[in-house]
Amino acid sequence: MIKPQLLRLLEDTLGMDENTLKGNETLRDLAEWDSMATLYFIATVDKHLGVPLSGDQVAKCQTVADLLVLMGNRPLAA
Amino acid sequence: MHAAISVVQYHLPEKILTNRELAEMFPEWSAEKIAAKTGIEQRHVSAADECPSDLAEAAARKLFNTGACSPGDVDFLLVCTQAPDYILPATACLLQHRLGLPMRAGAFDFNLGCSGFVYGLSLAKGLIETRQAKNVLLLTTDTLTKFLHPTDRGSRSLLGDGAAATLIQGRHDAPPGHLPWIGPFVFGTDGQGKDHLIIRTGGMRQRGSAGAADEMPSPDHFFMNGPEVFTFTLRVVPQTVKEILERAETTLDGVDLFVFHQANAYILEHLRQKLKVPAEKFVVALSQCGNTASSTIPIALHEARARGQLRPGMRVMLVAFGVGYSWSATMIHSW
């Protein structure tokens, strides 16, 4: 999946409108990133991407970009 | 001699905590949001002086009132609870006396939370099919709401108190097909999960209270790391389903009904989709009582029977998972 698709998937998971996320948001600033959001995110990545995540991995994420990395979106080479 | 479930009854405490009342306690969540996130409309909460043994006693009396057996017929009592009346003696001994069970009956406690019911069926089957007992009364009972921290919105939304009474009896006939009335079984344990579902104080590691803690995690209170427990569930449940199907020499299509531990509706739906189980074959029965720990499966069985989803002769898969970590699965022929 490429980055825009991952962002749309994340928006759907968090119950946000389409095209809301740019990919550089801080999770702390997102109202939708509440205690259930981590569960929804783990479930989504399991269901759509087949990647098993631990709660620890998600807890370490500070930004949407960090979530994208867990979803398999590699950062662009420098 | 073949062990089989004969009847299931349950009892919930009188006081109800609705989503509306929860939303008043935690204003950042509306009642509608709580229902949507958890699949739970209300949960029952034990009174301050109401112990799990009291709920278990009430459930047992309901079972006796069905006429399925009388107290005098019970020759073994199994009590599954994480909150015994005392450190000693066992709550099962207290209930033997309170229920008027014969003094020749065996009775003991075991404690395995959400996995307890399936483990209890295994114990009952072992006792009956080795001819050590004929009429085993299995009581599952928990009051986790008593251990909740005031700020723990998540757990307070999910957990409810309750008890179930299940009668497992020896019978001479075997059911049709190649499977027994109860069995086979799959078990699992992973003690590395200890810190993710725990009440730290009150046992031997830390006997006294840790003192007041303003927020979670608090050693005196129930702590659940939701994301970690969810990850554990995703890792273990599909594999367990695969193993029990192999042991039972059957396929998903060969199972008529699936009854999982009722952790929360979101996890249940995720698992159902992941396993590709049709909705009509998957029991969800927690909206009126929440997650009652060791009693969720027997309560779900009772409710599924009441609504006609569980019918006599059905082959049912039970999958339990939770604190420990621990897990277990079995197949039963419905009574």
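Just so we're on the same page: letters track the sequence lines, and every chain starts at 1. Any value given below was found using the heavy atoms of this structure, including those in side chains, with hydrogens, waters and symmetry copies removed.
- In plain terms, the two heavy atoms of A/G55 and B/P227 that are nearest each other are CA-CB, 3.7 Å.
- Separation of atoms CG (A/L39) and CD1 (B/I267) is listed at 5.5 Å; rounding is to 0.5 Å.
- Closest of all the heavy-atom pairs between A/A43 and B/H270 is O-CE1, 3.0 Å.
- Heavy-atom contacts from other residues, nucleotides or ligands closer than 6.0 Å to CG of A/D17 number 12 or fewer.
- Counting non-hydrogen atoms of other residues, nucleotides and ligands closer than 6.0 Å to CD of B/E28 gives a total above 12.
- Of the two parts of A/Y40, the backbone and the side chain both hold a non-hydrogen atom closer than 4.5 Å to a non-hydrogen atom of chain B.
- Only the side chain of B/K274 comes within contact range of chain A, judged by heavy atoms closer than 4.5 Å.
- Residue contact with chain A, scored on non-hydrogen atoms closer than 4.5 Å, is absent for B/R235.
- Using a 4.5 Å cut-off between heavy atoms, A/T38 contacts chain B through its side chain alone, with no backbone atom that close.
- Contacts with chain B were tallied for A/V58, A/D34, A/I42, A/D46; A/D46 has the most, counting heavy-atom pairs under 4.5 Å.
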